[in-house]
Amino acid sequence: MLTQEQIDFFNENSYLRLEKVFNKKEVKALSEELDHVIHTFCTPGRGWEGPWREKYLKPDEELKAQLTAIHELQHYSPAWARAVLKQRLVDSVADLIGPEVELHHVTLHAKAPEYGTPFPMHQDMPFYPHENGAYLDAIVHVDPADEEGGCLKFLKGSHKLGPLQHILIGAPHLPTDQYRIEDAVSCPAEAGDVVLFSLHTIHGSALNRKPRWRRVVRFGYRNPHNRQVGGQAMGRPGVMVRGVRPKVEGVAVNVYGNWTPPVKQ
Ligand SMILES: O=C(O)CCC(=O)C(=O)O
């Protein structure tokens, strides 16, 4: 699915933008169903906390900054349930970490207009650590995002550093003086584009200053052989989106959740 040029780009830059993965009609359905979920289930919050906020935001911005988040949209909306299985997307992910691909989680980040909360430079590893780097985040753009609109930013080549020690005050983040957002490469994207990056890629994003929402949704995909060692959704089996689940030592597929079925006599 991916060209050698795209794979080389990912290996060198630690991210890859896939253009027009979702067409206009699909984006419209994703956008409308997402708005329904947001209005029915979400309350805007301040976004990630921590000392980094003083470095990224002026005092008035710090007070006004807003972010709306919710997990597992595929449980709320058929358009999002279809999206996690999108063939071109899961085949592209498989080219980088496959052949089998398991969905690990889905998370919305909707930055509010004019004061949409930024994200400090970080790896996603501390949020859901895994044994190795065979894990990709796929950021589905429901709205376009450019420099002024709080687009994603990446430190080139950073995924090769492996897991790094993060500051654990507020949300995990990296020291702002060593991993500077000013040194990162911006990745503007259009609605329908998907940006892939590794669990170990150092990334962040600036304030959304545009007078409209910037909605993106993160799909976390892993090779099912890559065992999770802690954090978000630990122990929860995910939907296999490519290939059939392999048996992996130490990974139980606990379809009962916390309920123990009665023993049938
Ligand atoms: O939504 C953003 O701008 C940043 C997203 C991010 O840092 C993440 O999904 O890990």
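What's counted below: heavy atoms across the whole structure, side chains too, no hydrogens, waters or symmetry copies. One-based numbering along the sequence shown.
Glu49 contributes no side-chain N or O that, together with a main-chain N or O of Arg53, makes up a donor-acceptor pair within less than 3.5 Å. Side chain of Ser31 to backbone of Lys28: no donor-acceptor contact under 3.5 angstrom is found. Remark: the backbone N or O of Leu30 is paired with a side-chain donor or acceptor of Trp80 at under 3.5 angstrom. A donor-acceptor pair under 3.5 Å links the side-chain atoms of Asp95 to the main chain of Leu2, judged by distance alone. For Glu100 (side chain) and Pro224 (main-chain N/O), no donor-acceptor pair under 3.5 Å exists by modelled atom type. Not one N or O on the side chain of Ser77 forms a donor-acceptor pair closer than 3.5 Å with the backbone of Leu73. Side chain of Asn223 to main chain of Ile97: a donor-acceptor pair is present (N/O by atom type, distance under 3.5 Å, no hydrogens or angles). Listed for the Arg214 side chain is no donor-acceptor partner under 3.5 Å among the backbone atoms of Asn208. The backbone N or O of Gly162 lies less than 3.5 Å from a partner atom in the side chain of Gln123, making a donor-acceptor pair. A donor-acceptor distance shorter than 3.5 angstrom exists from the side chain of Glu72 to the backbone of Val106, with no hydrogens or angles considered.
Using a 4.5 Å heavy-atom cutoff, the side chains of His141 and Leu152 are in contact. Counting heavy atoms from C-beta outward, Phe219 and Asp137 have side chains that stay 4.5 Å or more apart. Counting heavy atoms from C-beta outward, Glu61 and Arg209 have side chains that approach closer than 4.5 Å. Looking at Phe22 and Val194, their side chains come closer than 4.5 Å, going by heavy atoms from C-beta outward. Residues Pro44 and Thr68 meet the side-chain proximity criterion, which asks for heavy atoms closer than 4.5 Å. Lys153 is not listed as a side-chain neighbour of Pro118, based on a closest heavy-atom distance of 4.5 Å or more.
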- Task: Show your reasoning for whether side-chain contact (heavy atoms from CB on, under 4.5 Å) applies to Ser158 and Thr201.
- Result: CA-CA 5 Å; Ser158 55; Thr201 300; 3.9 Å; yes
- Task: Could you give me the CA-CA distance, side-chain angles and deciding distance for Glu131 and Arg227, then say whether salt bridge (Lys or Arg N to Asp or Glu O under 4.0 Å) is met?
- Result: CA-CA 6 Å; Glu131 278 181 346; Arg227 286 179 290 222; 3.1 Å; yes
- Task: Run the numbers on Ile38 and Leu108 for side-chain contact (heavy atoms from CB on, under 4.5 Å), then give the verdict.
- Result: CA-CA 9 Å; Ile38 290 174; Leu108 163 74; 3.8 Å; yes
- Task: List the steps, then state whether salt bridge (Lys or Arg N to Asp or Glu O under 4.0 Å) holds for Asp143 with Arg215.
- Result: CA-CA 6 Å; Asp143 300 312; Arg215 296 165 301 163; 2.8 Å; yes
- Message: Apply side-chain contact (heavy atoms from CB on, under 4.5 Å) to residues Met125 and His130 and explain how you reach the verdict.
- Response: CA-CA 7 Å; Met125 178 278 303; His130 279 67; over 6 Å; no
- Ile70/Tyr76 under side-chain contact (heavy atoms from CB on, under 4.5 Å): CA gap, chis, key distance, verdict: CA-CA 11 Å; Ile70 189 169; Tyr76 296 81; 3.7 Å; yes
- Message: I'd like to know whether Gln4 forms a side-chain hydrogen bond (donor to acceptor under 3.5 Å, both in side chains) with Gln6, so could you lay out the CA-CA distance, the side-chain angles of the two residues, the decisive distance to 0.1 Å, and finally the verdict.
- Response: CA-CA 5 Å; Gln4 191 55 50; Gln6 286 175 305; over 6 Å; no
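Cluster membership check: Val37 shares its hydrophobic cluster with Leu103, using side-chain heavy-atom separations under 4.5 Å among Ile, Leu, Val, Met, Phe, Trp and Tyr. Follow the hydrophobic side-chain contacts under 4.5 Å out from Val195 and you reach Val84 in the same cluster. Using a 4.5 Å cut-off between side-chain heavy atoms of Ile, Leu, Val, Met, Phe, Trp and Tyr, with links allowed through other members, Leu96 and Val140 fall into the same hydrophobic cluster. In the hydrophobic cluster analysis, where Ile, Leu, Val, Met, Phe, Trp and Tyr join through side-chain heavy atoms closer than 4.5 angstrom, Leu57 is grouped apart from Ile169. Note on Phe119: it clusters hydrophobically with Leu164, by side-chain heavy-atom contacts below 4.5 Å among ILVMFWY residues.
Shown here is Glu182, whose CD atom has more than 12 heavy atoms of other residues, nucleotides or ligands within 6.0 Å. Remark: Leu85 CG is packed, more than 12 non-hydrogen atoms of other residues, nucleotides or ligands lying under 6.0 Å away. Around the CD atom of Gln178, the shell of radius 6.0 Å holds more than 12 heavy atoms that belong to other residues, nucleotides or ligands. A 6.0 Å sphere centred on CD of Glu190 holds no more than 12 heavy atoms belonging to other residues, nucleotides or ligands.
No option in His200, His203, His166 other than His203 meets the ring pair (Phe, Tyr, Trp, His ring centres under 6.0 Å) test with His122. With respect to His104, the ring pair (Phe, Tyr, Trp, His ring centres under 6.0 Å) criterion is satisfied by exactly one of Tyr128, Phe127, Tyr221: Tyr128.
Between the CZ atom of Arg218 and the CG atom of Leu136 there is a distance of 13.0 Å, given to the nearest 0.5 Å. With values rounded to the nearest 0.5 angstrom, Glu249 atom CD is found 12.5 Å from His225 atom NE2. Taken to the nearest 0.5 Å, the CD1 atom of Ile202 stands 5.0 Å off from the OH atom of Tyr179. Expressed to the nearest 0.5 Å, how far NE2 of His105 lies from CZ of Arg222 amounts to 10.5 Å. To the nearest 0.5 Å, the span separating CG on Leu16 from OG on Ser198 amounts to 12.5 Å. Annotation: the span from Leu155 atom CG to Ile181 atom CD1 amounts to 9.0 Å, rounded to 0.5 Å.
Annotation for Gly230 and Gln228: closest pair O-NE2, 2.8 Å, computed over non-hydrogen atoms. Listed here is the closest heavy atom pair of Glu147 and Ser186: OE1-OG, 2.6 Å. Looking at every heavy atom in both residues, Val101 comes nearest to Val90 through CG2-O, 4.2 Å. Shortest non-hydrogen contact noted between Pro99 and Arg242 is O-NH1, 2.9 Å. The heavy-atom pair separating Ser14 from Lys156 by the smallest distance is OG-C, 4.0 Å. Scanning both residues, Pro113 and Pro211, for their nearest heavy atoms gives CB-C, 3.6 Å.
Using a 30° and 60° split on the angle between ring planes, Tyr15 and Phe9 fall in the perpendicular class, above 60°. The aromatic rings of Phe154 and Phe197 are tilted relative to each other, their planes meeting at an angle between 30° and 60°. Between Tyr56 and Trp52, the two ring planes are perpendicular [angle over 60°; tilted spans 30° to 60°]. The aromatic rings of Trp48 and His109 sit perpendicular, their planes meeting at an angle over 60°, well past the 30° parallel limit.
Ring to ring, Phe10 and His159 are close: their centroids are under 6.0 angstrom apart.
Under the rule for a side chain to side chain donor-acceptor pair (under 3.5 Å), the partners of Gln87 that lie at least two apart in sequence or sit in another chain are Asp91.
A salt bridge is absent between Lys55 and Asp177; no separation between the charged side-chain nitrogens and carboxylate oxygens falls under 4.0 Å.
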